[in-house]
Amino acid sequence: MTKTSNCPNCGTDLKNGILSKTKILPESQTAIINEYREDKAVGYCTKCGNELFEKHNRTLQTERGNLTNYLKAKIKHIPVISTHSPFNWDYKILGMVTGQSTTGTGVISEFTSSFTDFFGAQSGRYNQKLKAGENMCFNQLRLQTLDLGGNAVIATDIDYSEIGGGKGMLMVCMAGTAIRLTNVDILEIETAEIIEKLYYANRRIKELQKFG
């Protein structure tokens, strides 16, 4: 005999048999519905839950996309400085953060080319790739700092090395100390506000990762 029960949300009769057309949604879908629905339930059936899941899953994807875009656009506002003890900064040290990037630049050929060529078009291409590698490392440091609950990086060091046996591969490496600046008001007001929003945006993104 097929066991009959009811949907915790709408009360619809459920049949756990093979031919049943109304079943309880998976726990993963229920979790997404309850994340955004005010009237939560321990479960939803396919009759009442499918539409709810589609609606709130769209909300989830939209929120995640907006937070990610904000993070990408504003993360540059997190200070990354080489000073070890910034004047008048009150902070708590959280730990070391690092960043690495590898770029194909043709370094060997550019340094062995003519003086005029190097300080002309070739130099421009080299600097663009080098800058892109540096920016990637800076953002890695910033993101790791956010993950640690911090909002600034001090004592930052940057190194360059050529790798790949003369194939023109340049590695950029950075290391710094992640801190939690407590007197954020020492920065410009707009910067301080953005940093605070970045902290909460990153924390919310981490919370949403539980949904896959």
Side-chain angles (χ1 to χ4, degrees), residues 35-36 59-105 107 110-111 118-119 122-163 169-212:
E35 179 70 18
Y36 296 98
T59 302
L60 168 66
Q61 300 306 324
T62 299
E63 182 185 11
R64 179 181 286 164
N66 289 339
L67 290 170
T68 301
N69 290 336
Y70 183 82
L71 203 65
K72 289 180 179 179
K74 300 296 184 179
I75 198 170
K76 61 185 178 182
H77 289 276
I78 294 179
V80 179
I81 61 177
S82 59
T83 307
H84 286 70
S85 299
F87 182 67
N88 284 340
W89 279 27
D90 184 19
Y91 58 87
K92 176 183 178 182
I93 294 177
L94 302 176
M96 176 177 286
V97 288
T98 61
Q100 304 84 30
S101 71
T102 305
T103 307
T105 60
V107 179
E110 291 184 11
F111 272 105
F118 177 71
F119 287 98
Q122 291 192 39
S123 177
R125 291 193 297 270
Y126 171 77
N127 288 334
Q128 287 176 1
K129 292 181 179 181
L130 186 60
K131 187 64 176 178
E134 291 173 350
N135 289 337
M136 184 182 298
C137 289
F138 278 127
N139 287 336
Q140 288 176 13
L141 263 59
R142 291 177 172 121
L143 187 57
Q144 290 175 37
T145 296
L146 284 176
D147 288 342
L148 291 174
N151 51 21
V153 185
I154 63 173
T156 305
D157 179 69
I158 180 170
D159 291 306
Y160 307 89
S161 60
E162 191 176 11
I163 60 176
M169 299 295 293
L170 182 68
M171 173 176 283
V172 182
C173 300
M174 285 188 189
T177 301
I179 64 168
R180 178 68 181 173
L181 181 62
T182 54
N183 58 336
V184 186
D185 55 339
I186 199 171
L187 306 174
E188 294 183 2
I189 296 178
E190 182 181 2
T191 300
E193 291 176 350
I194 291 174
I195 289 175
E196 195 67 14
K197 289 179 181 178
L198 284 170
Y199 173 77
Y200 287 107
N202 188 65
R203 190 173 71 175
R204 178 59 176 165
I205 289 175
K206 298 301 180 185
E207 291 175 354
L208 296 178
Q209 286 180 348
K210 65 186 177 184
F211 299 115

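Quick caveat, the model's predicted, so the values are computed rather than measured.
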Taking salt bridge (charged side-chain N to carboxylate O under 4.0 Å, His left out) as the test, write out the residues that go with E193, two or more places apart. none
Spell out, as yes or no, whether a donor-acceptor pair under 3.5 Å connects the side chain of N183 to the backbone of D90. yes
Drop me the distance from K74's NZ to T191's OG1, to the nearest 0.5 angstrom. 10.0 Å
For the pair Q100 (side chain) and C137 (backbone), establish whether a donor and an acceptor sit closer than 3.5 Å, ignoring hydrogens and angles. no
Heavy atoms of other groups near E207 CD, more than 12 under 6.0 Å: yes
Answer whether the closest heavy-atom distance between the side chains of I205 and L71 falls below 4.5 Å. yes
For the NE2 atom of H77 and the CD1 atom of I195, what is their distance to the nearest 0.5 Å? 9.0 Å
Any side-chain heavy atom of L67 sitting closer than 4.5 Å to one from Y70? no
Residue pairs, two or more places apart or on separate chains, that pass salt bridge (Lys or Arg N to Asp or Glu O under 4.0 Å) and touch residues 60-70: E63-R204
Shortest non-hydrogen contact between I78 and R142, atoms and distance: O-NE, 2.8 Å
Closest approach of N88 to I186 (non-hydrogen atoms, all atoms of both residues): O-CD1, 3.2 Å
Decide yes or no for M171 and Y160: does some side-chain heavy atom of the first lie under 4.5 Å from some side-chain heavy atom of the second? no
Rounded to the nearest 0.5 Å, how far apart are CD1 of I158 and CG of L141? 9.5 Å
Between T156 (side chain) and V80 (backbone), is there a donor-acceptor pair under 3.5 Å? no
Check: T98 and Q144 side chains under 4.5 Å, non-hydrogen atoms: yes
Return the set of residues passing side-chain contact (heavy atoms from CB on, under 4.5 Å) with A132 (not counting sequence neighbours), or none when no residue passes. none
Could you check if a side-chain atom of V153 sits within less than 4.5 angstrom of a side-chain atom of F138, using non-hydrogen atoms only? no
dist N151:CG -> L146:CG (nearest 0.5 Å) comes out at 8.0 Å
Rounded to the nearest 0.5 Å, what separates atom OG in S101 from atom CG in L170? 7.5 Å
Which of these, T145, D147, T68, sits in a side chain to side chain donor-acceptor pair (under 3.5 Å) with N202? D147
Taking V172's backbone N and O only, do any of them form a donor-acceptor pair with E134's side chain (distance below 3.5 Å, no angle check)? no
For N139 and L143, run side-chain contact (heavy atoms from CB on, under 4.5 Å): C-alpha distance rounded to whole Å, both residues' side-chain angles, the deciding distance at 0.1 Å, then the answer. CA-CA 6 Å; N139 287 336; L143 187 57; over 6 Å; no
Does E190 CD have over 12 foreign heavy atoms under 6.0 Å away? no
If we only count heavy atoms from C-beta on, is the W89 to T83 side-chain gap below 4.5 Å? no
Is a side-chain N or O of R180 found less than 3.5 angstrom from the main chain of K92, in a donor-acceptor match? no
Over all atoms of both residues, closest heavy-atom pair of P79 and L187: CG-CD1, 4.1 Å
Could you tell me the separation between the CD1 atom of I93 and the CE atom of M96, rounded to the nearest 0.5 Å? 11.0 Å
Backbone N or O of C173 within a donor-acceptor pair of the D159 side chain at under 3.5 Å? no
